[in-house]
Engineer: 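Dropping the structure in here first, questions after.
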Amino acid sequence: MSPAQRCSAISAIPRRPPTLWPTGDLGRWEDGRLVLTGRRHQRFITAYGRNVDPAWVEAELTAEPAIAQAWVHGEALPANRALLVPAHDNIDAAQLEDAVAAANARLPDYARITHWRRAGPFTATEGLTTANGRLRRDALAARHRDWLEDPLDSIATPVPVHHSPKETP
């Protein structure tokens, strides 16, 4: 049988759609309705349907010398938020804002941080990281639930994006 004949034979086999779709969503059935409770992967989906890997955005933020640790959240939100741990106590809000703006300049619009809050270090002792320093996202979300649920306009002014002179916005 030639490769072309083999392809024709395979494509002629009737296929039923799968009963489970591998979306990465976690959920449960309640009263005949599906309730989504999270995602298998750390990616989140913004209110505009964009997939964002928070580790990517966190790496851009922590590449800035002023930021030691960052946690990014944006699931079903119109704007992404970040908790920022300054590199040392002498870092002020203006320096953090400049660091966020510099990181934002390297990110596409859907991944940018528009609202942020200064935070204390994320440690394993507090249950916010694993022993090897990996963020425990559920614990951080639970600890900062009030801030995450606040309407965006009551949190902070959006962070502007700074472009280098040779870039165009």
Engineer: Show your working on side chain to side chain contact (heavy atoms under 4.5 Å, CB included) between Ile45 and Arg50 and close with a plain yes or no.
Structural biologist: CA-CA 5 Å; Ile45 301 174; Arg50 297 303 300 254; over 6 Å; no
Engineer: Would you compute the distance between atom CZ of Arg117 and atom CG of Leu84 and round it to the nearest 0.5 angstrom?
Structural biologist: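 Separation between the atoms: 11.5 Å.
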Engineer: Measure the spacing between CG of Leu107 and CD1 of Ile113 and express it to the nearest 0.5 Å.
Structural biologist: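 CD1 of Ile113 is found 7.5 Å from CG of Leu107.
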Engineer: Stepwise, does the salt bridge (charged side-chain N to carboxylate O under 4.0 Å, His left out) test hold for Glu60 with Arg112?
Structural biologist: CA-CA 10 Å; Glu60 290 296 334; Arg112 292 178 182 153; over 6 Å; no
Engineer: Checking Asn80 against Val57 for the side chain to side chain contact (heavy atoms under 4.5 Å, CB included) test, could you report, in this order, the C-alpha distance in whole Å, the side-chain angles of both residues, the deciding distance, and whether it holds?
Structural biologist: CA-CA 10 Å; Asn80 300 326; Val57 181; 5.8 Å; no
Engineer: Counting only heavy atoms not in Arg118, do more than 12 fall under 6.0 Å of its CZ?
Structural biologist: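 It does: Arg118 CZ has more than 12 such atoms within range.
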Engineer: Looking only at heavy atoms, which two atoms of Thr129 and Ala124 are closest? And how far apart?
Structural biologist: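 Heavy atoms of Thr129 and Ala124 come nearest at OG1-N, 2.9 Å.
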Engineer: Counting only heavy atoms not in Asn132, do more than 12 fall under 6.0 Å of its CG?
Structural biologist: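 Result for CG/Asn132: enclosed.
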Engineer: Atom CH2 in Trp71, atom CZ in Arg81: separation rounded to 0.5 Å?
Structural biologist: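 Those atoms lie 9.5 Å apart.
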Engineer: Report yes if the side chains of Trp29 and Leu34 come closer than 4.5 Å at any heavy-atom pair, otherwise no.
Structural biologist: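 Yes - at least one pair of side-chain heavy atoms lies under 4.5 Å apart.
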Engineer: Is there a donor-acceptor pair closer than 3.5 Å between any side-chain N or O of Arg143 and the backbone N or O of Gly127?
Structural biologist: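 The answer is no, because no donor-acceptor pair under 3.5 Å joins these two groups.
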Engineer: Show the numbers, then the answer: is there a side chain to side chain contact (heavy atoms under 4.5 Å, CB included) between Phe122 and Arg136?
Structural biologist: CA-CA 9 Å; Phe122 309 143; Arg136 294 189 61 226; over 6 Å; no
Engineer: How close do Tyr110 and Trp56 get, heavy atom to heavy atom, and via which atoms?
Structural biologist: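 Tyr110 and Trp56 have their closest heavy atoms at OH-CH2, 4.1 Å.
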Engineer: Mind listing the closest non-hydrogen atom pair of Ile67 and Ala99 along with its distance?
Structural biologist: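 Answer, listing the atom of Ile67 first, then Ala99: CD1-CB, 3.8 Å.
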Engineer: Do you know which two heavy atoms are closest between Pro54 and Val72, and how far apart they sit?
Structural biologist: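 That would be CB-O, 3.8 Å.
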Engineer: Distance from Leu77 atom CG to Thr46 atom OG1, nearest 0.5 Å?
Structural biologist: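 It comes to 9.0 Å.
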Engineer: From Leu61 CG over to Arg106 CZ, what is the distance, rounded to the nearest 0.5 angstrom?
Structural biologist: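 It is 8.0 Å, given to the nearest 0.5 Å.
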Engineer: To the nearest 0.5 Å, what is the distance between CD on Glu58 and CD on Gln69?
Structural biologist: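 Reported value, rounded in 0.5 Å steps: 10.0 Å.
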Engineer: Which atoms form the tightest heavy-atom contact between Ala87 and Pro65, and what is the distance?
Structural biologist: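 Nearest heavy atoms, Ala87 then Pro65: CB-O, 3.2 Å.
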Engineer: Nearest heavy-atom pair of Thr114 and Ala79: which atoms, and what distance?
Structural biologist: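 Heavy-atom minimum between the residues: OG1-CB, 2.9 Å.
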